[in-house]
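Right, one structure below, let's go through it.
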Amino acid sequence: MVKKKGYLLAINYIVRQGRTYASLLIKGKRSVKLYYQYDPYFLVDAPSSEIGKLSKIAVEKDGRVVRPLAIEQTERTVNLEKKKFLKVLCHSPADVPVLKHAIPYPAFEFDIPFAKRFIFDFQLTPNGLMRYERQGRLITKILSCEPATPNLRALAFDIETYNPLGTPRPKKDPILMISYANSKSGVITYKKCSNKNTEIVANEKELIERFCEIVREADPDILFGYNSGNFDLPYLLERAKIIGAKLDFGKTKINLTRKGMIGGASLSDRIHVDLYPIIRLFGFIGVLKISDFTLDTVANEILGRGKVSISRENIWQSWDSGNIEDVVSYSLVDAQLTMEIGKLYLPLELELSSITKQQLFDTTLSTSGQLVENLLMFHSVARNELIPTKPVGETIDERIANPIQGAFVKLPQPGIYENIAVLDFRSLYPSIIVSFNIDPSSLVKGKRQAECHQSPTGAMFLKKPKALVPAVLEELIDFRAKLKKQLKTLDKGSGEFKILNARVQAIKILANSFYGYIAYARSRWYCRECGESVTAWGRKYIQETMEKAEKAGFTVLYGDTDSIMLVYKKKEDVLDFMEKINKELPEKMELELEGFYPRGVFVSKKSEEKGAKKKYALLGEDGKIKIRGFELVRRDWSPIAKETQYKVLEAILKKGSEQNAIAIVRDAIERLRKGNVKMEELAIVTQLNKDPRGGYEVISPELAAAKKLLARGVPLEKGSLVSYVIGKSGSSISEKAVPLEVAKDYDADYYINNQVLPAVMKILKELGYDEHQLKGFGKQKSLDSFFG
DNA sequence: GCGAGCAGCGTACCT
DNA sequence: ACAGGTACGCTGCTCGCG
């Protein structure tokens, strides 16, 4: 028996002689795979008198007989009360669903994958430092596993493939080169090439095998890729199989599996970290604002530098022509950028992983809902509370069909204003959940009012004991506050700061996802009354604060969910007001100053006199303009319209010059009329959220353009982005929509009347060119003659 | 048969 | 496949008119 320690990098399982073993990838001086015997199980709500009968259950499944390994008594807390269950221990994880169906009692905790169950039951922290006792390859005792920051080696890679049809077909199109990057980077290929850092091998088979050799030599803990779970790794696997290459990344044979909704691929003795999913998640929750998620765009946005620009479609032509120098440098830069993005995002992924108690690989493929779910499951086990079952079928449909009322948005009065203060509630929903102990288990009926918080909907939440959701959330918020304090002591720009900052960001993402998870139709902890109460309290606080601001003499311009914009005379008044409000708020809640803005503009809706919500521009004290909702922040408007709108906003907010603004519009119209606007400036980018080969009810312009691309053999599917220009030929806009790649001309009238003018008129209106005056210039048609 | 008006689809945004 | 609230363009239908 030897006492050991090492970082717990990954958990899987194997079944040997009818018993299940957790397989743990542990990094000490070197990485080892060790095993721990642990039986999978699930719970049933049956009396203990049934143990004998249930033990004898035997069901045939795929030619073998499945029996319980053993049945034990156990106890869990359900809605604050202790309840007895039977624990059905199984020979293998695969037996769990079989026995669950065979036992005629309500079953629980049968939908938790073995590796997760193992982490929960032993309260392990993935990537943490584990102390254990071992005997050969068997772990005999797990002593502890606490959060830690392992120093992990990484290697990034990227493959380029032959692609005469645009999208490569793994059955036919070979891999042409593989690039890699860590401290040292290079490209392997099998055609002559003069670039340095290029290694020439004989053929595709040697290419794959040489790459594996490089991976084994570098011996990374982590293999970084970009969309590698969906593309590079499955492609490598398939090509290796077809041409008979040995795909061997390490000590054990490669083990590629696809998992989950998000395509992924896992390795058996290294951690594959595909960076694409986290980037998409950041896009989805609005942390990253980019037009598309190609490595190019992402690198440009977050690293501030792009890569050699060649078009992917032409890789095969370069290959055929024998001039592969450009493709080789492109490929190398891809691997290097992937490495850079990996360095930037690994601390965040590691933090998400150790906080939500999911192994790193699972974390990279998790949606924010899964992160919260896993975190709650872990703490549910810690509190010995029964983990609720995932909903299915009609339960989900019913929840979706009955949405919960959301936030309050104030209708703004259109106009140009000076001296605007923006205040917002810090983490409004999380602070409400914590302040009022909002949780399915603390929701009670008929309790005495003194023991409860009563929400504006009438729902009652016990003040004590502190329930799972608020307890976990509070811990998260407090931990984040602690890290933020540490952050202030560090030098911005230092490596330490960047890592800590990423950790702070990770926790924020998590904390902000809790409300969404409670109100999520597929949530284990879904609770309609809880969700309704959170938003109702939110509406109450924002509306009351607005009323108090009005009473204090401010003009409240606008507010959305947790923010309030008001016009002030003295900054001091704003600070006094905030202080007064904060004294009245519950302890966990706080109204913060977001900033002061010298000038701002709110516009009216397109077809009504009323103000438009979620659309405004504020000029900051630093001269920066904060723009929300306008066409210019939308990717489905043409650059010419967006640029013109920006310049008009700038002219008005910064210079206060309407003459200047008019001149800008006039100039844009003139350029459009003369026909010397580049196609790129006219491109409208739209994402297809359904399959373009069916599934749509009406033929929209983007769909028409997509169909034209499909006809040319360009592969498009659900999720693809289509860039198109409105051309001259055709009657409807859809008929006129031509893919950017083939667009030759454009409809100047369309761009003037349907793009540039609508975008700028709503702003010019606020300069006194109001509806009535505009009518003096005639209808839409002659508007451009006024400008022209 | 035709244009106006409108509902519904679809997308992208805000917090 | 975390929530709901919102604006708005375009298609394709209905309806009244001639």
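To find a chain, count down the sequence lines: A is the first, B the second, and so on, and within it residues start at 1.
Within the nucleic acid shown, A:Tyr616 comes within 4.0 Å of sugar-phosphate atoms alone, with no base atom in reach, counting heavy atoms only. A:Lys410 comes within 4.0 angstrom of no nucleic acid atom, judged by non-hydrogen atoms across all strands. The residue A:Val372 sits apart from the nucleic acid: no heavy atom pair falls under 4.0 Å. Looking at heavy-atom distances under 4.0 Å, A:Thr686 makes contact with sugar-phosphate atoms alone, never a base. Across all strands shown, A:Phe284 has heavy atoms under 4.0 Å from base atoms, whether or not it also approaches the sugar-phosphate.
For A:Tyr696 and C:dG12, the shortest distance from a side-chain N or O to OP1 or OP2 is not below 4.0 Å. Considering only side-chain N and O atoms, A:Arg628 lies under 4.0 angstrom from the phosphate OP1 or OP2 of B:dT15. For A:Thr367 and C:dA1, the shortest distance from a side-chain N or O to OP1 or OP2 is not below 4.0 Å. Phosphate contact (OP1/OP2 of B:dA12, side-chain N/O of A:Arg635, threshold under 4.0 Å): present. Taking 4.0 angstrom as the limit, A:Gln370 places none of its side-chain polar atoms (N or O) nearer than this to OP1 or OP2 of C:dC2. An OP1 or OP2 oxygen of B:dT11 is reached within less than 4.0 angstrom by a side-chain nitrogen or oxygen of A:Asn689.
Rounded to an integer number of Å, the gap from NZ of A:Lys642 to P of B:dC13 is 8 Å. Counting to the nearest Å, the C1' atom of B:dG10 and the NZ atom of A:Lys718 are 14 Å from each other. The distance from atom CG of A:Asn402 to atom C1' of C:dG4 is 14 Å, rounded to the nearest whole Å. Going from atom CG of A:Leu632 over to atom P of B:dC13 covers 11 Å, rounded to whole Å. The distance between atom CZ of A:Arg399 and atom P of C:dC2, rounded to the nearest whole Å, is 15 Å. Distance CZ (A:Arg528) to C1' (C:dA3): 13 Å, rounded to an integer number of Å. With rounding to whole Å, A:Leu721 atom CG is found 11 Å from B:dT11 atom P. Separating the CD1 atom of A:Ile518 from the P atom of C:dA3 is a distance of 13 Å, rounded to the nearest angstrom.
Salt bridge present: A:Lys626 and A:Glu594 bring a charged side-chain N and a carboxylate O closer than 4.0 Å. Salt-bridge formation is detected for the pair A:Lys615/A:Glu631: a Lys NZ or Arg NE/NH1/NH2 atom is positioned less than 4.0 Å from an Asp or Glu carboxylate oxygen.
Counting only N and O atoms by type, the side chains of A:Glu349 and A:Thr364 include no donor and acceptor under 3.5 Å apart. Neither side chain, A:Asp296 nor A:Thr294, offers a donor N or O lying under 3.5 Å from an acceptor on the other. Side-chain atoms of A:Ser366 and A:Gln358 form a donor-acceptor pair, as typed in the model, at a separation below 3.5 Å. The closest side-chain donor-acceptor pair between A:Asn374 and A:Lys357, if any, does not fall under 3.5 angstrom. Inspection of the A:Thr457 and A:Ser455 side chains reveals an N or O donor paired with an N or O acceptor under 3.5 Å.
Closest to the side chain of A:Tyr520, out of B:dG10, C:dA1, B:dC13, is C:dA1.
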Using nucleotides 2-7 of chain B, report all nitrogen or oxygen pairs with the protein that are shorter than 3.5 Å.
none

Strictly under 3.5 Å: I want the nitrogen or oxygen pairs between protein and nucleotides 5-10 of chain C, one per line.
from	atom 1	to	atom 2	distance (Å)
C:dG5	OP1	A:Gly406	N	3.0
C:dT6	OP1	A:Lys613	NZ	2.6
C:dA7	OP2	A:Lys605	NZ	3.3
C:dA7	O3'	A:Lys615	NZ	3.4
C:dC8	OP1	A:Lys615	NZ	3.2
C:dC8	OP1	A:Lys762	NZ	2.8
C:dC8	OP2	A:Lys606	N	2.9
C:dC10	OP1	A:Tyr750	OH	2.5
C:dC10	OP2	A:Asn754	ND2	3.3

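Every residue was checked against the ring-ring contact (aromatic ring centres under 6.0 Å, His included) condition with A:Tyr520, not counting sequence neighbours, and none meets it.
Between A:Trp525 and A:Tyr517, the ring planes lie tilted relative to each other; the angle falls in the 30° to 60° range.
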- request: Given salt bridge (Lys or Arg N to Asp or Glu O under 4.0 Å), test A:Glu474 with A:Lys588 step by step and report yes or no.
  value: CA-CA 9 Å; A:Glu474 184 169 29; A:Lys588 294 279 165 183; 2.9 Å; yes
